[in-house]
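Ligands are counted one by one from 1 in listed order, and the atoms in each one are counted from 1 as well.
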Amino acid sequence: MRGRFAPSPTGALHLGNLRTALVSWLHAKSSGGDWWVRMEDLDRVTASLAHEADQLAALAALGMRPDGPVVRQSERFDRYRDAIATLHEQGRVYECFCTRREIREAAQAPHGELPDGAYPGTCRELTASARAAHLAAGRTPALRLRADGERFVIDDLMAGRYEGAADDVVLQRNDGVPAYNLAVVVDDAAQGITHVVRGDDLLSSTPRQRLLQDLLGLPAPAYAHVPLVLAPDGTRLAKRHGAVTLADLATRGVSPVQVLARLGSSLGLCAAEDTVTADELVPRFDWQRLPRLPWSLRADEL
Ligand code: GLU
């Protein structure tokens, strides 16, 4: 059994990220498994080594240390390109010249059961002359998966039974950078990840990832999608909401031990005032006890 936490090193981890990390760590440790960290730094403009070091330090301050090497996606582009080549051989890749705006406009049309932001397939059957016109206009294509309406049922350890369709997800951006959904599937398999615990904003992307696993002949891990942490305004917690990182909280006199107790109490594992270590929470971990609803922070907690 091997779990993982896969942050993007684009800033400090906030309470929501740390809580998801804690769930994945507790699950791995309570199952006698390993826990790995992978840096999803595909976007080299926003990611940095300084953020990476800061994130690892924050995890360690709460008692979570990776059992395997910290892998960076930015160093693994060859593997992602090989996977795209495999899909290409299966006739599953097509070029897409759409701009973000074109996609946004086209995606507003109703498109049945496809996930949010699903691509409506504008470039699926592009004629040679339309392609030539795009190239002549200086546009470079992204690469998309040719999905065929495949549907998947995911028996999620947290969210329960989820069913959804795969769509024509981007495999490579038009700047040549491999896309998240492809990289995550390649890496989870390469790293022998058996359990993916992550935020439930990615639940609707899981059918896409399941299709990619099947096409690439990769095993599907078990999934647990953890409800997000919400700010008092009901939106997903973000840095702008206040004191949400370990550094912010330290300036208010809140120690990592106190943060851990707050996270543990939000998971039903201890009281918010307890002095506990992450190791002490391990034997208390139980999927059945975890709240199924988002953790909503009050204004006076930020
Ligand atoms: N890197 C993604 C994020 O920062 C998480 C991907 C995953 O866990 O599959 O939200």
Fill in: ligand 1-proximal atoms of Asn17, by part, heavy-atom distance under 4.0 Å
neither
Fill in: Pairwise distance CZ(Phe5) to CG(Leu13) - rounded to 0.5 angstrom
5.0 Å
Discussion item. As an exercise, identify every atom of ligand 1 less than 4.0 angstrom from a heavy atom of Arg198.
Written reply: 7 (C), 8 (O), 9 (O)
Practice prompt. Mind checking the CG-CZ spacing from Leu212 to Arg208? Nearest 0.5 Å is all I need.
Written response: 10.0 Å
Discussion item. Distance under 4.0 Å to a non-hydrogen atom of Ser8: what atoms of ligand 1 satisfy this?
Written reply: 1 (N), 4 (O)
Worksheet item: Roughly how far, to the nearest 0.5 Å, is OG1 of Thr122 from CD of Glu102?
Response: 7.5 Å
Discussion item. Is the ring pair Trp35/Trp25 parallel, tilted or perpendicular, if the boundaries are 30 and 60 degrees?
Written reply: perpendicular
Practice prompt. Indicate the atoms forming the closest heavy-atom contact of Ala12 with Asn17, along with that distance.
Written response: O-OD1, 4.3 Å
Worksheet item: Under 3.5 Å between some N or O of ligand 1 and some N or O of Leu202?
Response: no
Item to complete: For atom 3 (C) of ligand 1, find the nearest protein heavy atom and state the residue, atom name and distance (0.1 Å precision).
Response: Ala6 O, 4.0 Å
Fill in: Contact with ligand 1 for Gln209, non-hydrogen, under 4.0 angstrom
no
Practice prompt. Indicate the ring-plane relationship of Tyr80 and Phe77, choosing parallel, tilted or perpendicular according to the 30° and 60° boundaries.
Written response: tilted
Worksheet item: Does Tyr180 come within less than 4.0 Å of ligand 1, judged by its heavy atoms?
Response: yes
Item to complete: Considering only non-hydrogen protein atoms, determine which one is nearest to atom 8 (O) of ligand 1 and report residue, atom name and distance to 0.1 Å.
Response: Arg4 NH1, 2.6 Å
Fill in: Atoms of ligand 1, numbered as shown, that sit under 4.0 Å from any heavy atom of Val184
9 (O)
Fill in: Nearest atoms (heavy-atom pairs only) where Asn181 meets Ser205
OD1-CB, 3.8 Å
Practice prompt. List every atom of ligand 1 that sits less than 4.0 Å from any heavy atom of Glu40, numbering the atoms from 1 in the order shown and giving each element.
Written response: 1 (N), 2 (C), 5 (C), 6 (C)
